[in-house]
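So you know, we letter chains A, B, ... as the sequences are listed, proteins then strands, and number each from 1.
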Amino acid sequence: MTEEELLSQLNSNQREAVTYCDGPQLVIAGAGSGKTRVLTYKIAWLLAHYELKPWNILALTFTNKAAREMKTRIARLVGDESARYLQMGTFHSIFSHILRVEHEAVGYGSDFTIYDESDSRSLIKNILKTMGLDDKTYKPASVHAAISMAKNHLYMPDRYVEDGDLMSRDRSRNMPETYKIYATYQQRLQQANAMDFDDLLVITFRMLRDHEDLRRKYADRFKYVLVDEYQDTNYVQQRIVTLLTQEHQRICVVGDDYQSIYAFRGARIDNILNYNRIYPEAKLFKLEQNYRSTQLIVAAANSLMKHNANQIPKDVFSKNDEGEKLTILENISDKREAAMVCREIKRIKSQEHCHWSDFAILYRTNAQSRLFEEEMRKPEVGMGQHYRIYGGLSFYQRKEVKDVIAYFRLIVNPDDEEAFRRVINYPSRGIGNTTLQKIVDTAQQHSISLWNVISRPNDYGLDVNRGTMAKLDGFCALVGGFIDKRFTTDALTMGKEIIGKTGVNTDLASDHTVEGDSRRQNVDALLAGMSDFVESQQEDGQGDHVSLADYLSTVSLMTDLDNSDDSDDKITLMTIHSAKGLEFPTVFVVGMEENIFPSMMAVGSPKQLEEERRLLYVAITRAERHCYLTWAHTRWQYGKMDSFVNPSRFLNDIDPKLTTLHVEGGRLSGRGFGSDEEPARRPWDDDYESDRPYTGSRPWGGEYRRLNGRMQNSRPIGGQFMADPKPKETAPRRPEQATNPFSTSFEQKLKQSGNWKKVSQTMSNGGRATSSTSPTPNPTMSSTSSAASVSSPSAGISEGQIIEHQRFGRGKVVKVEGVGENAKATVDFDTTGRKQLLLKFARFNMIG
DNA sequence: AACGGTAATTTTTTT
DNA sequence: AATTACCGTT
């Protein structure tokens, strides 16, 4: 692509952001304003205009998926060869690679394990036990949250103890020993040659801070640094970026404070607001033209955000069609809500001839997905094949998968304590808790790993009986055998052998239940994934030997979303959090009720409420053309029915002029909801009576209440019934809060952000009206062109079908079994032979 | 040491 | 409702 072509595809603000590369830069990119386009074009621009090699550019993203997609888009601009060497990925993946190289400097082995959330929690649980603390008061999850928060703000155990605020906070929460747990936790991680997710950042920071040579090395390598989703970065991430860029000052960060929804996890909006304090020369660019949504959707989202006090003022606008008003859909029950949404999807689909994948159902919590799933699976609804639920228990978190991976981990890093505990008695080999506790005690006495103890039990005086010792020896020899050949055998071969020789296979085979079947399939899928990995590494020329360690270092930072195939034609069901960055022609935001959205946990704190409101902003701005906000008068939750449901306060925050209210079974207020062509056909009018929880008059009174007026408080909201709401973790505090390291005063920062050198002013007529930045197929596009090229696997695949797999090439389906998530196919591939594909994960096209 | 029953506990999530 | 933790039994 020529330079002119490249620039002609940008509006003037985007162009300025792309071409300014001479100093630090902050791009505030409103929802749908072409942020990804700016980042990709900027990288192409850098490669063309500066003496930079691809590996001189470091681009940090929030998810692996975002990195991959961006890389693909850049490859289209600059070619595969260049794009391939760009340093692009999440903070965690980029720095884990660097830490493996520099492991000596930071005092870890190169094959350190990465503990996931559940490993961390399990380690904490164990520490609580040894310390004799009650895990009812010290909930492992909240202890870990406290530790994680501390780490993200670079409060190591020694500094933690000295901090009065933190210590008194712990005392007031009845967890005064937290600092001790933290110190032990950190020590145990080190002993296990393991890092948790936070360590990947903290230790990177320490490495750069304490080793000037290494800091220079990487600051010199990464001559230009870009950070995406900057509003979601935390303190340590900001510090790392600073260490890398403080000299050359070639840095561009892109973010949107309106879309900051991860503060609960330590993300700091302050990073954006204080940006010019770290980079005084920084220039501010604002992208305010939204290319994604209709004018009314953008206006509604803006009107919502007027109710947040803390924000960088901005004026997001759209020049697309005015579009239709948002629909507020008030339903009788949660079940009816699901039914209404499904019908509405069908109606729009037949009316607009669009794809299933043009719809998204977004909710606050994963548990809300169930009702929609149940509704769609009803035969009379017939949508069972047309939806995909994201989130929930990830593939890598399933017990059987974690068990197998634990063996891998132990072989690659025998000091890995959590892996050791997982497999020492799986499959059961008669080594129980008593023995395990003895091993743990012995290990703690000598400050060594569990593996060290059982490798040389006599040296450390492990006190167990003869029989037990024999069992331990057996286990040692088994794992030791694999350790010995871990460098010489490739990952896949190792994997297969491990599953065989450790008895995992036998154990799984002995289970004849339905669940057992699914477990075997999951382990098969894991092996298939390994096979994929080994092949792709070889294709990339990463050498012939793809070791188990190589596989692990990648897989421990992978999530389900990374495997998901989003090219097939399905309705998306996901939490709003996971929908960030996506867009859909039609979006349903469901469960718009007090105590759900905003979440019960957030209603006590203004700060958290603002975050919930931003979350709704994110949800609404996912929509291109239609946006529905739905709620129900009664809802089943925690096995009980709540019939005192109040509509979400946020519904009142949206300008009523921009919404249409629909009450199930009632009259329409405002303009008709269905199109003019079919005014009589309102999907919820017919079998309305059949599913009503109450017969006779409506429990909430004869008149449906108006939402758009100021009538929300016609009934008290949940909190008002509570005598004294439980104190929240981040409950609003007195003025001394400003000194709390974990919550800096917002107002203060806002003032400082006033003296920006604003080079880019929004111009009312400045932007070129490019049609859309959307990668989503245009809904009016002929439904054959894009739907036919991509399979929707579990639908319609049958024996004899010829398929083209992304990696394995052409093959013929010999057998199809299982349904839904667990459906799998046996396929004979022309080149690679017979393989089993779990349709949930497989990527292929159907031929013929 | 393994299993099965009862009781308690429920945000959001990427890495 | 559904998952998980704990305790008692075998």
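- Atom CZ in A:R614 sits about 21 Å away from atom P in B:dT11, given to the nearest Å.
- Contacts between residues 432-441 of chain A and DNA chain B, defined by a heavy-atom separation below 4.0 Å, involve A:G432, A:N433, A:T434, listed by number.
- Using a cut-off of 4.0 Å between Lys/Arg side-chain N and Asp/Glu carboxylate O, A:R409 and A:D119 are scored as salt-bridged.
- Residue-to-nucleotide proximity on DNA chain B shows that, of A:T365 and A:N64, the 5′-proximal contact is made by A:T365.
- Classification of A:R614 and A:E611 as a salt-bridged pair holds, one side-chain N sitting under 4.0 Å from a carboxylate O.
- In this structure, A:D196 places its CG atom 15 Å from P of B:dT15, rounding to the nearest Å.
- One atom, CG of A:L615, and another, C1' of B:dT11, lie 10 Å apart when rounded to the nearest Å.
- Not counting sequence neighbours, A:K129 has no partner by the side-chain contact (heavy atoms from CB on, under 4.5 Å) test.
- Nucleic acid contact class of A:I431 (heavy atoms, under 4.0 Å, all strands): sugar-phosphate only.
- Nucleotides of DNA chain C with any atom under 4.0 Å from a heavy atom of chain A span, from 5' to 3', C:dA1 to C:dC6.
- Ranked by how close their nearest DNA chain B nucleotide is to the 5' end, A:F62 and A:E612 are led by A:E612.
- The nearest whole Å value for the distance from the CG atom in A:D134 to the C1' atom in B:dA8 is 13 Å.
- Distance A:H97 NE2 to B:dT15 P: 13 Å, rounded to the nearest Å.
- At the heavy-atom level, A:N366 lies under 4.0 Å from the strands shown only through sugar-phosphate atoms.
- Contact annotation for A:K580: no contact, since no heavy-atom pair falls under 4.0 Å across all strands.
- Partners of A:S553 under the side-chain contact (heavy atoms from CB on, under 4.5 Å) rule, at least two apart in sequence or in another chain, are A:R100.
- Using a 4.0 Å heavy-atom criterion, one finds that A:S428 contacts the sugar-phosphate atoms exclusively.
- Rounded to a whole Å, the NE2 atom of A:H577 is 7 Å from the P atom of B:dT13.
- Side-chain N/O atoms of A:N425 include one lying less than 4.0 angstrom from OP1 or OP2 on B:dA2.
- Under the 3.5 Å distance criterion, with hydrogens and angles disregarded, no donor-acceptor pair is assigned to the side chains of A:N366 and A:S369.
- Listed by chain and residue number, A:N425 satisfy the side-chain contact (heavy atoms from CB on, under 4.5 Å) test with A:S428 (two or more places apart in sequence, or in another chain).
- Counting to the nearest Å, the C1' atom of B:dT11 and the CE atom of A:M574 are 17 Å from each other.
- Listed by chain and number, the residues in a side-chain contact (heavy atoms from CB on, under 4.5 Å) with A:A194 are A:T113, A:Y115, A:L189, A:A192 (sequence neighbours excluded).
- Nearest to the side chain of A:M601, among B:dT11, B:dT13, B:dT10, sits B:dT11.
- Closest contact between the side chain of A:K136 and the listed nucleotides B:dT12, B:dT14, B:dT9 involves B:dT9.
- Residue A:D232 is out of contact with every strand shown, counting any heavy-atom pair closer than 4.0 Å.
- Residue contacts shown for A:E117 include a base, since a base heavy atom lies under 4.0 Å away.
- Within the 4.0 angstrom heavy-atom criterion, no nucleotide atom of any strand lies near A:F91.
- In this structure, A:D196 pairs ionically with A:K151, as a charged nitrogen and a carboxylate oxygen lie closer than 4.0 Å.
- For A:Q437, the side-chain hydrogen bond (donor to acceptor under 3.5 Å, both in side chains) partners are A:D441, not counting sequence neighbours.
- The side-chain hydrogen bond (donor to acceptor under 3.5 Å, both in side chains) test applied to A:R206 returns no partner, not counting sequence neighbours.
- As a whole-Å value, the separation of A:Y638 OH from B:dT11 C1' is 8 Å.
- If you check distances only, the side chain of A:R265 does reach the base of B:dT14 with a donor-acceptor pair under 3.5 Å.
- Each salt bridge (Lys or Arg N to Asp or Glu O under 4.0 Å) pair with one or both residues in residues 360-372 of chain A, not counting sequence neighbours, appears once here: A:R364-A:E612, A:R370-A:E374.
- Residue contacts for A:S599: at a heavy-atom cut-off of 4.0 Å it reaches a base atom on one of the strands shown.
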